[in-house]
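Structure first, then comments.
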Amino acid sequence: MKTMIRRAAASLAAGVIAAGTLAGCGSSSGSTTTSAAATTSGAAASTTKAGETTKASSGERPTVTFSTIDFNAGASNTGDNAESTLNMIKDYTNTDIQIQWIPTDTLDEKNSLAMQSPDTMPMIMTWNGAVTGNVVTWAKQGAFVDVAPYLKDSTKYPNLSKQNAQVAKSLSVNGKQFGIYRARVIGRYGLSYRKDWAEKLGLSEPKTIDDVEAMLKAFTEDDPDGDGQNDTVGMEMTSYTGPFDIMQTWFGCGNGWAEKDGKLIPVWQQDEYFTALDWFKKIYDAGYMPSDWATRQTDSWSDGCKKGQNGVYIDVLDGATRITDYFQKNDVKSVTNPDETASMNLVGTINGKTMATSGYNGYFTLSAKTCDTPEKVEAALHFLDKMCDEDMMVLAQYGVEGINYHMEDGNIVQDDLADKSLSANHNGLNQLVPYIPYTEPQNKTLKKTEQKQLETKVIAENNDVAIMNPALPYLNTSATYAANGGQLDKDISAARTQYICGEIDRDGLNAAIQSAMDKGYSKIIDEVNEAYKADTSK
């Protein structure tokens, strides 16, 4: 009975959208649909040749083939209501979308195989993470459509045309944009701290580096938890060195690279870099971070704050929100008010600065072979653009109203949390969304806790000042960086760790940097600036 009710509700929801929101699409709900269960093995989702335009049973509807990631062990868009949920997407976008689900751990292999048979490649292919050397090589060979000329048309692509120009450059080679990024918030990094510890010690919200140092000192030496024991250390730290990258920006360092006198340079060629490292070493020597941080496992990251050992957390702000969630779930009491649970206050910037993310995680490419006409390119781009509409973002993220969620005071309240089988209908569909220009729906939003509201506010403030890496698009073109730049970056990061821990002195640090230069970084800098100069002189 429950299944019948759910199916009826799904059919009703699809009918409402088709008759209302979707009325202007000129689409038909009679097009052939593909069972998700038939595609979870990674086989092609359609017997239609990739890229071939077909007609629906009434009205014209282009077919777009799409390979994407299955993070759900074969359970993406499956079970009760799966077909009707996918039909709602087809109707809204007026596209006969054919999905090939690929397990995340085989994505690179499957994509590489697809590249060897370009005539049968999916029209849209999903790539995980950042751009790799292989993708750059294929882009240089013309394997992907240059989407930049199309995205200038804000009438056809009202969402995608609002892409962040600097993030889009990260997916460019030789001035051509070979992909569409899956957006992530730019201002995600920042500083957070135990609010009750600060209140107990009379500390204000830190604004400057001196303020941070004073807080770290007090959290270490002044018994912030009030237990009379010398058992707290100011700052959380493990072998994950991301916090140093964030804190460097407070001193005026760039994000990995910086622009100076018209040239792009790695941050370790900035004077501010060494000023920052000397401060890190000072904090370490004073005992304001764990003495064994360099050997602490990364998977223990945030445990120090959760267990009441540390009070300052420098990383993604949503990580600090998860610490607060932990406090609430485990009823960790505030040291100043036993009637309240502890919480993390989010600051974001110090000295008005913080590090930006790359602005994306994964991206889509359009095959130049199977999107071989302007009409096919436009069909693929139209689908991606429509998936960024509010209705599709909500459907892909939260499912169908009345089945997966209901509205309460203008907010989404999820109903399928207790019954995971219900959420299978929309599981994975968010992998079809570029999230441009917004990373979440703007009107129908998930009901947020007070902490989550604070996180959203601080991230929005960070977005205006977060420092991007200006070299990202040009590192793509550096053959030397593709060959060994990643390892050289690791070598310099390791030397930074050794310097902070006192294992090497300034001469040793300089020697490590010079070694990286001799092994190829000097050539990387030249190649990056050659591409940068060619781009900026246009």
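All of these numbers come straight from a predicted model, not from anything done at the bench.
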Check whether any side-chain N or O of N476 sits under 3.5 Å from a backbone N or O of S170 as a donor-acceptor pair, and report yes or no. yes
Within a reach of under 6.0 Å around CD of Q487, are more than 12 heavy atoms found that belong to other residues, nucleotides or ligands? yes
Which residues pass the salt bridge (charged side-chain N to carboxylate O under 4.0 Å, His left out) test with D315, not counting sequence neighbours? none
Value rounded to 0.5 Å, distance of NZ in K263 from CD1 in I525: 6.5 Å
A side-chain contact here means heavy atoms from C-beta on lying under 4.5 Å apart; do T63 and I97 qualify? no
Run the ring-centre check on W293 versus F244 and record whether the distance is less than 6.0 Å. yes
Between N462 and G187, which heavy-atom pair has the shortest distance, and what is it? ND2-O, 3.0 Å
Short side-chain donor-acceptor distance under 3.5 Å, T249 and T354: no
In terms of side-chain heavy atoms, does Q177 have a donor or acceptor partner in Q163 at a distance below 3.5 Å? yes
Drop me the distance from E390's CD to K444's NZ, to the nearest 0.5 angstrom. 7.5 Å
Counting N and O atoms only, with roles assigned by atom type, does the side chain of T106 sit under 3.5 Å from a partner on the main chain of E109, one being a donor and the other an acceptor? no
Hey, can you tell me if F144 and F178 have their rings parallel, tilted or perpendicular (30° and 60° cut-offs)? tilted
If we ignore hydrogens and angles and just use 3.5 Å, is the side chain of E236 paired with the main-chain N or O of C305 as donor and acceptor? yes
May I ask you to say whether K452 pairs ionically with D325, meaning some side-chain N is under 4.0 Å from a carboxylate O? no
Enter the distance from M237:CE to D292:CG here, rounded to the nearest 0.5 Å. 11.5 Å
After noting the C-alpha distance and the side-chain angles of T370 and T65, does the key distance pass the side-chain contact (heavy atoms from CB on, under 4.5 Å) rule? CA-CA 9 Å; T370 49; T65 53; 5.6 Å; no
Tell me whether N255 contacts the main-chain N or O of A356 through its side chain, where contact means a donor paired with an acceptor under 3.5 Å. yes
Hydrogens and angles aside, do S76 and N72 bring a side-chain donor and acceptor to less than 3.5 Å of each other? yes
Is the shortest distance from a Lys or Arg side-chain nitrogen in K169 or D535 to a carboxylate oxygen in the other one below 4.0 Å? yes
Does D303 form a side chain to side chain donor-acceptor pair (under 3.5 Å) with Y326? I'd like the steps, not just the answer. CA-CA 10 Å; D303 285 358; Y326 174 89; over 6 Å; no
Look up atom CG in L264 and atom CG in L475, then write down how far apart they are to the nearest 0.5 Å. 9.0 Å
Would you tell me whether E455 and T321 have side-chain atoms, one donor and one acceptor, within less than 3.5 Å of each other? yes
Please report the shortest heavy-atom distance between G254 and Q270, naming the atom on each side. N-OE1, 2.9 Å
Could I get the full list of salt bridge (charged side-chain N to carboxylate O under 4.0 Å, His left out) partners for K369, not counting sequence neighbours? none
Evaluate R61 against D91 for side-chain contact (heavy atoms from CB on, under 4.5 Å), listing each step before the verdict. CA-CA 9 Å; R61 174 180 283 176; D91 288 341; 3.1 Å; yes
Close side-chain approach of L432 and I124, heavy atoms under 4.5 Å: no
A quick test of your reading: do over 12 heavy atoms of other residues, nucleotides or ligands sit less than 6.0 Å from NZ of K140? yes
Side chains of V433 and M392: does their closest heavy-atom pair fall under 4.5 Å? no
Tell me whether T445 contacts the main-chain N or O of P441 through its side chain, where contact means a donor paired with an acceptor under 3.5 Å. no
Is a side-chain donor or acceptor of K152 paired with a backbone partner of A148 at a separation under 3.5 angstrom? no
Is there a donor-acceptor contact under 3.5 Å linking the side chains of K448 and T456? yes
L191 CG to Y313 OH distance, which is reported to the nearest 0.5 Å: 11.5 Å
Is the number of heavy atoms from other residues, nucleotides or ligands under 6.0 Å of K533 NZ greater than 12? no
Could you tell me whether the side chain of L317 reaches within less than 4.5 Å of the side chain of R188, counting heavy atoms only? no
Start with the C-alpha gap between D491 and S515, add the side-chain angles, then the distance that decides, and say whether side-chain contact (heavy atoms from CB on, under 4.5 Å) holds. CA-CA 9 Å; D491 292 345; S515 175; over 6 Å; no
Are E527 and T480 close enough, and set up right, to give a side chain to side chain donor-acceptor pair (under 3.5 Å), and what steps lead you there? CA-CA 8 Å; E527 290 171 353; T480 308; 2.8 Å; yes
Under a 3.5 Å cutoff, is there a donor and acceptor pairing between the side chains of Y92 and D389? yes
Would you check if there is a donor-acceptor pair between the side chains of N87 and E83 at a distance under 3.5 Å? no
Does L395 offer a backbone N or O that forms a donor-acceptor pair with the side chain of Q397 under 3.5 Å? no
Over all heavy atoms of both residues, which pair between L346 and S192 is shortest? Give the atoms and the distance, please. CD2-CB, 3.5 Å
Between T241 and S493, what is the shortest heavy-atom contact and its length? OG1-OG, 3.7 Å
To check you understand the geometry: which heavy-atom pair defines the closest contact between A320 and M344, and what is its length? O-CG, 3.7 Å
Would you confirm whether T126, through its side chain, and S67, through its main-chain N or O, come within 3.5 Å as a donor-acceptor pair? yes
Between V400 and H426, is there a side-chain heavy-atom distance shorter than 4.5 Å? no
What is the distance from atom CD1 of I89 to atom CG of N77, rounded to the nearest 0.5 Å? 7.0 Å
Would N81 and M88 count as a side-chain contact (heavy atoms from CB on, under 4.5 Å) here? Give the steps. CA-CA 11 Å; N81 313 304; M88 293 169 75; over 6 Å; no
Quick one, N134 and N111 - any side-chain contact, counting heavy atoms below 4.5 Å? no
Applying the side chain to side chain contact (heavy atoms under 4.5 Å, CB included) test to Y150, which of L160, V145, L366 qualifies? V145
Smallest separation among heavy atoms of M468 and S358, with atom names: CE-O, 4.1 Å
Counting distance only, does the side-chain N/O of T439 pair as donor-acceptor with the main-chain N or O of Y435 below 3.5 Å? no
Could you tell me whether the side chain of N404 and the main chain of D416 form a donor-acceptor pair under 3.5 Å? no
Measuring only between side-chain heavy atoms, which start at C-beta, is T357 closer than 4.5 Å to V185? no
Check whether any side-chain heavy atom of L171 lies under 4.5 Å from a side-chain heavy atom of V131, and answer yes or no. yes
Please confirm whether F66 and F364 have ring centers closer than 6.0 angstrom. yes
Please, which pairs that meet ring-ring contact (aromatic ring centres under 6.0 Å, His included) have at least one residue in residues 511-532, sequence neighbours excluded? W268-Y521, Y474-Y532
